[in-house]
Amino acid sequence: MPRFKRHLITSALPYANGPIHIGHLAGVYIPSDIYTRYLRLKGKDVIHVCGSDEHGVPITLKARQEGVSPQVIVDRYHELNKKAFEDFGISFDIYSRTTSKVHYETASEFFRTLYDKGVFIEKTTEQFYDEEAGQFLADRYITGTCPHCGYEKAYGDQCEQCGTSLSPTELINPRSTISGSKPVLRKTKHWYLPLDRYEPFLRKWILEDHKEWKTNVYGQCKSWLDQGLQPRAVSRDLDWGVPVPVEGAEGKVLYVWFDAPIGYISATRELTPDWEKYWKDPSTRLIHFIGKDNIVFHCIIFPTMLKTEGSYILPDNVPANEFLNLEGDKISTSRNWAVWLHEYLEDFPGQQDVLRYVLTANMPETKDNDFTWRDFQARNNNELVAILGNFVNRALVLTRKYFDGAVPPRGEISTYDREVLEQIPLIRRRTEHSLDHFRFREALKEAMALARLGNKYLADTEPWALVKNDKERVGTILNICLQITSNLTLLLEPFLPFSMQKLREMVHFEKTDWNLIGRDDLLPEGHQIGEVKHLFRKIEDEEIEKQIARLQATRTENEGNNTIKLPPQKEEEITYDDFAKLDIRTATIVAAEKVPKTKKLLKLTLDTGIDRRTVVSGIAEFFSPEEIVGKQIAVLVNLAPRKIRGIESQGMILMAEDPDGRLHFIVPEDGAVNGSPVK
RNA sequence: GGCGAGGUAGCUCAGCUGGUUAGAGCGCAGGAUUCAUAAUCCUGAGGUCGAGGGUUCAAGUCCCUCCCUCGCUACCA
C-alpha cells in the first residue's frame with residue numbers, strides 16, 4: 001500500500017530581477033519537471049507549483065537604478081521568465097507570483113497565525129534611518145568604507161571588494177544611498193522567529209527521520225544545526241513587500257525569506273480550491289526542488305514555519321542540486337556570463353530538448369559541474385542524433401521501405417528476439433529506480449539504453465540482408481523495432497517531451513501511460529505509421545564556434561569593464577594642508593604572522609624609523625608572512641589606532657589595488673631610510 | 001579558523017554495510033557493416049582510485065595527518 005496518495009512538487013521561486021539561464025534549469029527546473037512528468041505518466045495525483053519571487057531589497061534597488069517602480073521590474077521578469085519556462089516545457093500547473101492578491105492574503109494569514117500563537121519574539125534594535133528620506137535603511141541601502149579592507153563602496157551587508165559580510169554599524173563613514181545623507185541610528189521593533197527553540201525538533205526530524213536525503217543536503221543541515229540556530233527577523237522596515245498585519249507595524253513588511261516560501265502555498269491556493277488537501281493531509285508527499293543556496297530555507301526555516309503553524313505537512317524530501325558552471329567559470333548574471341534561455345532559442349530554435357538532454361546528462365547532482373559548448377555539441381551529435389535519432393529513423397524508414405509503413409506481422413520469435421524484448425521491462429525498472437531516487441543523470445542513461453538496444457538488435461539481425469530471401473523474418477524484426485520505438489516514446493517522455501511528442505505523431509501512437517512500458521504489443525499488426533522526419537539534427541562546428549566566440553566577447557568586455565570600474569577621481573578637491581595632515585613614511589616589515597582564525601589578516605611589525613609598531617592588514621590572501629618580511633613599504637603612521645580582531649592596529653599599509661582586487665605594495669624603488677616622509 | 005560537500009580512466013560520472021583481474025557513457029585506436037543524419041555494431045588501449053601514514057588475512061571503500069575545488073559560517077566555538 002503506497003504511503004502517499006498524492007504529490008505536491010515545488011520548484012524554487014526564481015527571483016524576479018533577472019532572466020533565467022541554464023544554471024537555473026539544470027539545478028532546479030529540469031529535475032522537477034522530469035520528476036513531475038514521470039509521476040503524471042504513472043497516473044499519480046500530482047501538482048507542480050512555482051512562481052516569481054518578487055519582493056526583497058535587490059528589486060527595489062534595481063528599480064531605483066532604472067528610475068521606475070519595483071512593480072515595473074517584477075512585471076518585466078515575471079513575464080519573461082514565465083515564457084522561458086513554457087518554451088522549455090517546464091510543466092508547472094501554475095506559475096504564480098508573490099505580488100498576487102492571494103499571496104498577500106496567504107502570507108498575512110500565516111504571519112497572523114504564528115503571531116497569535118505567540119511564536120515570535122519581539123526585539124527592539126537600533127537601525128540606520130535616513131532622516132532626509134524619512135525611512136529606515138536596508139543594509140543594502142547603506143554604503144561606507146569597509147573596516148577590513150578600506151574599500152569605500154562597501155554595502156551594509158557585505159563588502160564586494162574583500163567579500164566580508166558586514167553589519168551596517170561596522171561601516172566607517174556610512175552613507176544612505178537614497179539621499180546621500182549620513183544616516184542616524186534609530187530604534188525599531190521587529191519580530192523574530194526563534195529557530196533555536198525548535199532545534200531539538202529539527203534534529204530529530206532531519207538527522208534521524210530523513211537520513212535518506214541527499215548527502216549534500218543532509219550534511220548542510222547538520223552543519224547548520226551543529227552551529228546552533230539563531231532567532232531570525234521576519235520583518236523589515238521597507239515599503240516593498242507584504243505589510244506586517246499587526247497594529248503599530250506601519251512601514252514594516254515581511255522579510256522576503258518569510259514570504260517567499262509561502263508563495264508555494266499561495267500558488268496552490270490560486271490553482272485549486274482543494275489546496276488544503278495538498279498542504280495539510282499527511283498522505284500528501286511534499287517535495288521541494290531547489291539549488292544548494294536554498295537548503296537552509298527549505299530544510300530548516302520553512303519547515304519550522306510550517307511546524308509552528310501547526311496544520312501543515314512538512315517536506316518529505318528536498319532534492320537540492322549543486323551549481324552549474326559555464327566554460328569553467330561561475331555563471332554570473334551581472335557579468336553576463338550565462339546562456340540565457342531566450343537567447344538559446346534564437347540560435348537553436350525548436351531544440352529545447354537538446355538543452356534539456358545535455359543539462360540532464362550533466363546535471364550537478366553531487367558536485368558543481370561544467371557546461372561547455374563542445375560537450376553540448378558532442379552529446380547532441382553522438383548521442384541524440386547517432387543513438388536515439390538514428391535508431392528511430394532506421395526502424396521507421398525500413399518499415400516504410402519494406403512494408404509501406406504498416407506494422408508487419410510478427411512471425412516466429414527467436415530466442416534472441418525474446419531476450420531483446422525481455423530487456424524492455426528491465427530497462428524500465430532501472431530507469432524507475434533512478435528516478436525514484438532523484439538520480440536523473442543515471443535515469444537518462446538507463447533510458448537511452450533502450451535506443452542502444454535497438455541499434456544493436458538491428459545490427460545483429462541485419463534485416464536489409466534478409467529482405468530478399470525471408471521477408472517474413474524481416475517483418476518480425478521490424479515489428480520488434482517498432483515496439484521498441486513506441487516504448488521509447490513513453491520512457492523518454494519525461495526527459496525529451498518535445499521530441500517524444502514528435503515521435504508519437506510519426507508513429508501514430510498517442511498513448512502516454514508509463515505503465516505500458518515493457519509491453520511488446522503497443523503497435524498492433526497493420527497499424528499505419530506516418531511521415532518520417534529526423535528527430536534531431538547535427539550541430540555543426542560553426543554553430544558552436546559562434547557560441548564560444550560570443551562568450552569570449554563577454555569575457556573581453558568584462559575585462560574592459562574592469563578598467564572602467566577603476567574609481568574615478570574624487571570630486572572633492574583638497575588643499576595641500578589637507579594632504580600634509582597625512583604622515584606617510586617608509587618602513588620595513590620586520591615580522592609578519594597570520595592573525596589566528598582569520599583568512600585575510602596579517603599582523604605586521606614595522607620598523608618605521610621612528611618606532612616599532614604593529615599594523616594589522618588584510619593582505620593574507622595575497623602574501624604569505626615569509627615572503628614579505630624584510631620588505632620596505634609605505635605606511636600611514638598618524639592614522640587613529642583601531643582594534644581589529646583584538647589587536648590594536650597602529651597605522652595603515654599603503655597598497656595599490658588592481659581592478660580585479662589584487663594588491664601591490666608601494667615600495668620605495670631603490671630603498672630609503674626607514675621613516676623618510678612621503679610627500 | 002570552524003563546518004559541510006567533492007577530489008576514481010583524456011572528459012562526465014557509478015562504485016551499497018571493506019573481499020576475486022576498479023566499472024559505465026563519451027572521446028581515442030583497430031576491425032565489421034551499409035538499412036540509417038559517415039550514423040551503427042564488435043574489439044582494444046587508457047586509472048599506483050588527491051598525497052602520506054595506519055587498522056586488517058584483505059581498503060577506492062574504515063581511522064589519522066596534509067593538499068586542492070566549491071559552499072556555508074566566523075572579532076565567538
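Within every chain, numbering begins at 1; the chains are lettered A, B, ... in the order of the sequence lines, protein sequences first and strands thereafter.
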A.B. asks: Would you tell me if any nitrogen or oxygen in the side chain of A:Arg400 comes within less than 4.0 Å of OP1 or OP2 on B:A36?
C.D. replies: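 Indeed not, no polar side-chain atom of A:Arg400 lies that close.
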
A.B. asks: For B:C28 and B:C11, measure between their C1' atoms and round to the nearest Å.
C.D. replies: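 Result for the C1' pair: 12 Å, nearest Å.
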
A.B. asks: Could you state the atom-to-atom distance from CG of A:Asn325 to P of B:G6 in whole Å?
C.D. replies: 17 Å

A.B. asks: Rounded to the nearest angstrom, tell me the gap between atom CG in A:Leu225 and atom P in B:C72.
C.D. replies: 18 Å

A.B. asks: Nearest to the side chain of A:Trp224, heavy atoms from C-beta on, is which of B:U73, B:C70, B:U37?
C.D. replies: B:U73

A.B. asks: Could you check whether A:Lys401 gets within reach of a base, just the sugar-phosphate, or nothing at all, counting any heavy atom under 4.0 Å?
C.D. replies: sugar-phosphate

A.B. asks: For the P atoms, the ones on B:G46 and on B:U34, what distance do you get once it is rounded to whole angstrom?
C.D. replies: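 My reading of the P atoms in B:G46 and B:U34 gives 32 Å.
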
A.B. asks: Name all residues meeting the side chain to side chain donor-acceptor pair (under 3.5 Å) criterion together with A:Ser332; count only those two or more places apart in sequence or in a different chain, and write none if there are none.
C.D. replies: A:Ser334

A.B. asks: From the set B:C26, B:C70, B:U12, return the single nucleotide nearest to any side-chain atom of A:Glu383.
C.D. replies: B:C26

A.B. asks: Of the nucleotides B:G25, B:U33, B:U12, which has the atom closest to the A:Trp464 side chain?
C.D. replies: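 From the listed options, B:U33 comes nearest.
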
A.B. asks: Below 4.0 angstrom from OP1 or OP2 of B:U12, is there any side-chain N or O of A:Thr372?
C.D. replies: no

A.B. asks: Answer yes when A:Arg504 and A:Glu493 have at least one side-chain N-carboxylate O distance shorter than 4.0 Å, and no when they do not.
C.D. replies: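 Result for this pair is yes, salt bridge flagged.
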
A.B. asks: Would you mind classifying the nucleic acid contact of A:Arg374 as base, sugar-phosphate or nothing, using non-hydrogen atoms under 4.0 angstrom?
C.D. replies: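 If one applies the 4.0 Å heavy-atom cut-off, A:Arg374 turns out to touch nothing in the nucleic acid.
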
A.B. asks: OP1 or OP2 of B:A38 less than 4.0 angstrom from a side-chain nitrogen or oxygen of A:Lys538, does that happen here?
C.D. replies: no

A.B. asks: Quick check on RNA chain B: between A:Gly219 and A:Asn362, whose nearest nucleotide comes earlier from the 5' end?
C.D. replies: A:Gly219

A.B. asks: Answer yes or no: does a side-chain N or O of A:Lys456 lie under 4.0 Å from OP1 or OP2 of B:C42?
C.D. replies: yes

A.B. asks: Is B:C41 paired to anything, Watson-Crick or G-U wobble with both distances less than 3.5 Å, and if yes, which nucleotide?
C.D. replies: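 In the structure as shown, B:C41 has B:G31 as its Watson-Crick or wobble partner.
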
A.B. asks: If we call it a pair only when both distances are under 3.5 Å in a Watson-Crick or G-U wobble match, what pairs with B:G46?
C.D. replies: none

A.B. asks: Please list all pairs passing the ring-ring contact (aromatic ring centres under 6.0 Å, His included) test where one or both residues lie in residues 406-456 of chain A, with sequence neighbours left out.
C.D. replies: A:Tyr35-A:Phe438, A:Phe289-A:Phe438, A:Tyr416-A:Tyr457, A:His433-A:His437

A.B. asks: Within a reach of under 6.0 Å around CD of A:Glu212, are more than 12 heavy atoms found that belong to other residues, nucleotides or ligands?
C.D. replies: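 Buried by this count: over 12 neighbours within 6.0 Å.
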
A.B. asks: Would you classify A:Lys292 as touching base, sugar-phosphate or nothing, given that sugar-phosphate means primed atoms plus P, OP1 and OP2, and contacts are heavy atoms under 4.0 Å?
C.D. replies: sugar-phosphate

A.B. asks: Heavy atoms only, 4.0 Å cut-off, all strands: where does A:Asp368 land among base, sugar-phosphate and nothing?
C.D. replies: sugar-phosphate

A.B. asks: Distance between the C1' atoms of B:C68 and B:U8, in whole angstroms?
C.D. replies: 16 Å

A.B. asks: Report the base-pairing partner of B:U69 (Watson-Crick or G-U wobble, both distances below 3.5 angstrom), or none.
C.D. replies: B:A5

A.B. asks: At under 4.0 Å, does any side-chain N or O of A:Thr366 touch on OP1 or OP2 of B:A14?
C.D. replies: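 Checking A:Thr366 against B:A14: at least one side-chain N or O falls below 4.0 Å of OP1 or OP2.
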
A.B. asks: Need the pair for B:A36. Rule: Watson-Crick or G-U wobble, both distances under 3.5 Å, any strand; none if unpaired.
C.D. replies: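 For B:A36, the partner nucleotide comes out as none, under the 3.5 Å rule.
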
A.B. asks: Would you mind pulling out the nucleotide paired to B:A59, Watson-Crick or G-U wobble, both distances under 3.5 Å?
C.D. replies: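 Answer to the pairing question: none, since B:A59 forms no Watson-Crick or G-U pair.
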
A.B. asks: Would you call A:Asp368 and A:Lys330 a salt bridge, using N to O less than 4.0 angstrom?
C.D. replies: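 Salt bridge absent between A:Asp368 and A:Lys330.
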
A.B. asks: Closest nucleotide of RNA chain B for A:Asn393 versus for A:Arg379: which of these residues is on the 5' side?
C.D. replies: A:Arg379

A.B. asks: Which of the following nucleotides, B:G7, B:U33, B:U37, is nearest to the side chain of A:Lys367?
C.D. replies: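 Nearest to the side-chain atoms of A:Lys367, counting from C-beta on, is B:G7.
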
A.B. asks: The side chain of A:Arg394 is closest to which nucleotide in this list: B:G25, B:G27, B:C35?
C.D. replies: B:C35

A.B. asks: Syn if the chi torsion is within 90° of 0, anti otherwise; quick check, which is B:G46?
C.D. replies: syn

A.B. asks: What's the CG-P distance between A:Asn380 and B:G27, to the nearest Å?
C.D. replies: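 Rounding to the nearest Å, CG of A:Asn380 and P of B:G27 are 13 Å apart.
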
A.B. asks: Relative to each other, are the rings of A:His288 and A:His298 parallel, tilted or perpendicular (30° and 60° limits)?
C.D. replies: perpendicular

A.B. asks: Looking only at the side chain of A:Ala459 (C-beta and beyond, no hydrogens), which of the listed nucleotides B:U37, B:G7, B:C41 gets closest?
C.D. replies: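 Closest nucleotide among those given: B:C41.
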
A.B. asks: Considering only heavy atoms from C-beta outward, does the side chain of A:Phe302 approach that of A:Pro315 to under 4.5 Å?
C.D. replies: no

A.B. asks: Taking atom P in both B:U61 and B:G7, what distance in whole Å separates the two?
C.D. replies: 12 Å

A.B. asks: Between A:Asn216 and B:G6, is there a contact of a side-chain N or O with OP1 or OP2 at under 4.0 Å?
C.D. replies: no

A.B. asks: Could you check whether A:Glu365 gets within reach of a base, just the sugar-phosphate, or nothing at all, counting any heavy atom under 4.0 Å?
C.D. replies: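 Result for A:Glu365 = nothing.
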
A.B. asks: Tell me the partner of B:C26, counting only Watson-Crick (N1-N3 plus N6-O4 or O6-N4) or G-U wobble (N1-O2 and O6-N3) with both under 3.5 Å; none if nothing fits.
C.D. replies: B:G10

A.B. asks: Between A:Tyr192 (side chain only) and A:Gln230 (backbone N and O only), is there a donor and an acceptor less than 3.5 Å apart?
C.D. replies: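 No; judged by distance alone, with no hydrogens or angles, the pair does not exist.
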
A.B. asks: Take atom P in B:C3 and the same atom in B:U65, then report the distance between them in whole Å.
C.D. replies: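 Going atom to atom, P in each nucleotide, I get 10 Å.
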
A.B. asks: Could you give the distance separating B:A9 and B:A24 at their C1' atoms, to the nearest angstrom?
C.D. replies: 11 Å

A.B. asks: Strictly by Watson-Crick or wobble contacts shorter than 3.5 Å, is anything paired with B:A74, and which nucleotide is it?
C.D. replies: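 WC or wobble partner does not exist here.
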
A.B. asks: What is the base-pairing partner of B:U21, counting Watson-Crick and G-U wobble geometry with both distances under 3.5 Å?
C.D. replies: none

A.B. asks: Which listed nucleotide (B:G27, B:C70, B:A39) is nearest to the side chain of A:Asn382?
C.D. replies: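 Nearest listed nucleotide: B:G27.
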
A.B. asks: Could you check how far NZ of A:Lys445 sits from P of B:G15, rounded to whole Å?
C.D. replies: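 Result: 10 Å.
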
A.B. asks: Give one of base, sugar-phosphate or nothing for A:Phe391, where a contact means two heavy atoms less than 4.0 Å apart.
C.D. replies: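 Nothing, no nucleic acid heavy atom in range.
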
A.B. asks: Does B:A14 have OP1 or OP2 sitting under 4.0 Å from an N or O in the side chain of A:Arg441?
C.D. replies: yes

A.B. asks: Given the ring of A:Tyr218, does A:Lys211 sit roughly above its face, with NZ or CZ under 6.0 Å from the centre of the six-membered ring and within 45° of the axis?
C.D. replies: no

A.B. asks: Between A:Arg203 (CZ) and B:C3 (P), how many Å, whole number?
C.D. replies: 15 Å

A.B. asks: Find the distance A:Asp329:CG to B:C70:P and express it as a whole number of Å.
C.D. replies: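 The distance from CG of A:Asp329 to P of B:C70 comes to 11 Å, rounded to the nearest Å.
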
A.B. asks: Can you measure A:Met448 atom CE to B:C26 atom P for me and round it to whole angstrom units?
C.D. replies: 9 Å

A.B. asks: Specify the separation, in whole Å, of atom NE2 of A:His437 and atom P of B:C16.
C.D. replies: 15 Å

